[in-house]
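Predicted model, so just to flag it, every value in this text is computed and none were measured. Just so we're on the same page: letters track the sequence lines, and every chain starts at 1.
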Protein chains: 2
Amino acid sequence: MSERVTIKSIARDLGISHMTVSRALSGHPSVLKETREAVQNRARELGYVKHAAANVMRGQTTRIVGLLLPNIVNEFYARFANTMALACEAQSLQLIIHLTGDEAGAERQALARLNEVQAQGVVMVPVPGSDGAMTLKPRPMSVVQLIRQSGADAAPTILVDDDQALQGAVAHLAEKGHRAIAYIGADSRLSSGQSRLASFRAGLERAGVAERPELLFTGTPTAEIGAQRMRQVLGDGAATALVCGGVEISNGALSAMMAAGVSPTGPFDLVGYGDPSFYAWIGGGLTTIGVPVERLAHKAVELMVAASPPPRIHRFEAALIVRPGSPPG
Amino acid sequence: MSERVTIKSIARDLGISHMTVSRALSGHPSVLKETREAVQNRARELGYVKHAAANVMRGQTTRIVGLLLPNIVNEFYARFANTMALACEAQSLQLIIHLTGDEAGAERQALARLNEVQAQGVVMVPVPGSDGAMTLKPRPMSVVQLIRQSGADAAPTILVDDDQALQGAVAHLAEKGHRAIAYIGADSRLSSGQSRLASFRAGLERAGVAERPELLFTGTPTAEIGAQRMRQVLGDGAATALVCGGVEISNGALSAMMAAGVSPTGPFDLVGYGDPSFYAWIGGGLTTIGVPVERLAHKAVELMVAASPPPRIHRFEAALIVRPGSPPG
DNA sequence: GTGAAAGCGCTAACAA
DNA sequence: TTGTTAGCGCTTTCAC
């Protein structure tokens, strides 16, 4: 265990002032070329690494940003994180990922920790029912909200505009002859829960399909809820098709169908939400609502690094992806 | 934009010494209860957040750890990251994720950045052909290598013991009558590339199936290579089954099959590597080599936070997961 | 071209 | 119980 290598230790080693070392290492012009080279060589030999904390203390901004997600297993979030990580890498930002599990306490703590390390900004999927970043009294961090809009918060927000896609999903199912179409989505604590349900109903009306209140399910947007409601729907057999209103719910519903041995593209038609790669491979291709994840991620980074982004809402349009499904047989 | 709230500003505000504030906030016993409460209240009102960098400067260790992955879209890595993030959260560690894209430059830079922020440790999937953490001359970080063993590095390493599973995969295919079994895996730059190929060949020999050198493919362990080789295999039609030797290759090979409209569970049998949830749903269930991701992740965190873990190799056994596939018909 | 001093926020050690 | 001092690693400012 050798001592930590600092500019002072290098200076001592070379018998010069630590300031000369500092200047030499940061490429300051007024340093004798030979001095500079001597310093740089010695630094390399000794394995000097700049102490980021020291710079932070001097008021310099960190190159750290945060990302708060419910989880990172769902391919939607995984792809978002992947794109964002690459975008950060490109800007030499370091990305700290906190998983909230959609739990308010975890969210609060994650924000606190990011504040402590003086993170430059944070992109977050707000936990349902939380006040979001409002809990950050002194907000040195710039906050970008993703997917969901939380409370009265005045942070820029990136939303998915899925109204047309959801209505299209209903129209698509109606065209295929379905008249008993179920829906599983987030409940009204989430702005997206409200709007998606509204879009679904609008779709029913536009398609001339009667609304069946007993086939409308809302709850917390988790895979478990998705699976549970789907089992219910399959169990009582009243519905012949189903539309999902969220990426977690979609995966949950799908897994419940597969577990029950029911094809999601068979006579019972499922329309998923989000477009993980494997949806294309399930039973001849699952029809789903595609979300432009990569574009969301780039916009998120762009907003986060912006000096002081106005608290605007940025919408990205989702699109219905119709797939053939099982060949009729 | 108000001034930054520090213990000194609170002290000024209350007309006391900043040390008293420090003690009050950190729960030091010898502070008058009323003083402490006054300080804590004021701190809360003002929105004080501790400055992590200041503590780091004083030699305190950061609560930051790093994770280096090729990507985070592959469900294997995503699940690893998810589990590790939760484990870190539980130990109030912050997790910085760097994606290397299996590129040496990115790896080097990521390690450098983690060093700069004084990360406590790092879990990394070494880039093929790199010297791994050897480039870290002064290693204040504890390093844990994952999945692959890199160079002559003396860091603890977590490996998957897939010998039996791979041999089992070949035996399984042989039992189904296959005599022309192809293999796609990583090349010999990777220790795992070598050992998996060896296991595959041992499996052939044990099953009494002749080895066909022209059906053995190795390359960089990416989805692209997997897809490309798979197209080749399907194109020339010499093989009737294929075993994958890596999670990326497996996904790539699968996507190429699906794109070609060939069922991976049909007459041509694919054995995958890794067990993302959807493998169970593809064509009646894809037979694959299951890896205990969650256990790997927990071990990784355990080793990383350990004082000075011996550079041991920790092996976790993979298991062949046989699935029915399409019903014969 | 080089050096000395000061200060970022915090706490250990000593002083009162 | 409370206060003062010093120093962690670094760069900006001013002197030489």
Side-chain angles (χ1 to χ4, degrees), chain A residues 2-40 42-43 46-64 112-113 115-120 138 140, chain B residues 1-40 42-43 46-64 112-113 115-119 138 140:
Chain A
S2 51
E3 289 283 297
R4 160 158 265 295
V5 181
T6 70
I7 54 169
K8 281 193 185 164
S9 75
I10 296 178
R12 254 196 319 275
D13 183 283
L14 260 46
I16 56 180
S17 142
H18 73 274
M19 263 321 294
T20 306
V21 176
S22 170
R23 285 192 265 253
L25 290 176
S26 52
H28 194 90
S30 56
V31 178
L32 223 49
K33 183 174 293 182
E34 39 184 37
T35 315
R36 168 165 49 247
E37 283 168 2
V39 169
Q40 288 174 340
R42 203 76 191 97
L46 263 36
Y48 169 77
V49 289
K50 187 186 175 95
H51 197 314
N55 272 8
V56 174
M57 281 255 307
R58 306 192 59 265
Q60 281 244 12
T61 163
T62 53
R63 300 296 290 170
I64 292 180
R113 302 289 322 275
N115 242 327
E116 286 179 16
V117 301
Q118 316 290 315
Q120 211 172 80
Chain B
M1 278 306 156
S2 53
E3 290 283 299
R4 159 161 265 294
V5 182
T6 70
I7 53 170
K8 282 194 183 162
S9 75
I10 296 178
R12 255 196 319 273
D13 183 282
L14 259 46
I16 58 179
S17 141
H18 71 275
M19 263 320 291
T20 307
V21 177
S22 170
R23 284 192 267 251
L25 290 177
S26 52
H28 194 89
S30 56
V31 179
L32 223 49
K33 182 175 292 183
E34 38 184 37
T35 315
R36 168 166 48 247
E37 284 168 1
V39 169
Q40 288 174 341
R42 203 75 191 97
L46 264 35
Y48 169 78
V49 290
K50 191 186 173 88
H51 197 315
N55 272 7
V56 174
M57 281 254 309
R58 306 193 60 264
Q60 279 244 15
T61 164
T62 53
R63 300 296 291 171
I64 292 180
R113 303 288 323 274
N115 242 327
E116 286 178 16
V117 300
Q118 317 289 317

- [ ] For the residue pair B:Val39 and B:Leu14, establish whether any side-chain heavy-atom pair is separated by less than 4.5 Å.
- [x] yes
Open item on the list: Tell me the closest heavy-atom pair linking B:Asn55 and B:Gln60, and the distance in Å.
Closed with: O-CB, 3.0 Å
Task: Interatomic distance, A:Leu14 CG vs C:dG3 C1' [rounded to whole Å] - done: 15 Å
Open item on the list: Tell me the closest heavy-atom pair linking B:Arg4 and B:Val49, and the distance in Å.
Closed with: NH1-O, 4.1 Å
- [ ] Could you tell me whether a side-chain N or O of A:Ser26 sits under 3.5 Å from a main-chain N or O of A:Ser22, the two making a donor and an acceptor?
- [x] yes
Open item on the list: Keeping A:Gln120 on the side-chain end and A:Arg63 on the backbone end, is there a donor-acceptor pair under 3.5 Å?
Closed with: no
Task: Side-chain N or O of B:Thr20 closer than 4.0 Å to phosphate OP1/OP2 of D:dG3 - done: yes
Task: 4.5 Å side-chain heavy-atom contact, B:Tyr48 and B:Leu25 - done: yes
Task: Beyond-backbone contact of B:His51 with A:Val56, side-chain heavy atoms, under 4.5 angstrom - done: yes
TODO: Round to a whole Å and report the spacing from NE2 of B:His28 to C1' of D:dT1.
DONE: 10 Å
Open item on the list: Using a 4.0 Å heavy-atom cut-off to protein, can you give one letter per nucleotide of nucleotides 8-16 of chain D, 5' to 3': B if the base is in contact, S if only the sugar-phosphate is, - if neither?
Closed with: BBBBB----
Task: Axis-to-axis angle between the two ends of the helix from C:dG1-D:dC16 to C:dA16-D:dT1 (five base pairs per end, rounded to 10 degrees) - done: 50°
Task: B:Thr35 side chain near D:dT1 phosphate (N/O to OP1/OP2, under 4.0 Å) - done: no
Task: A:Ile16 CD1 - C:dA4 P separation (whole Å) - done: 11 Å
- [ ] Not counting sequence neighbours, which residues clear side chain to side chain contact (heavy atoms under 4.5 Å, CB included) with A:Arg23? List them please.
- [x] A:Met19, A:His28, A:Val31
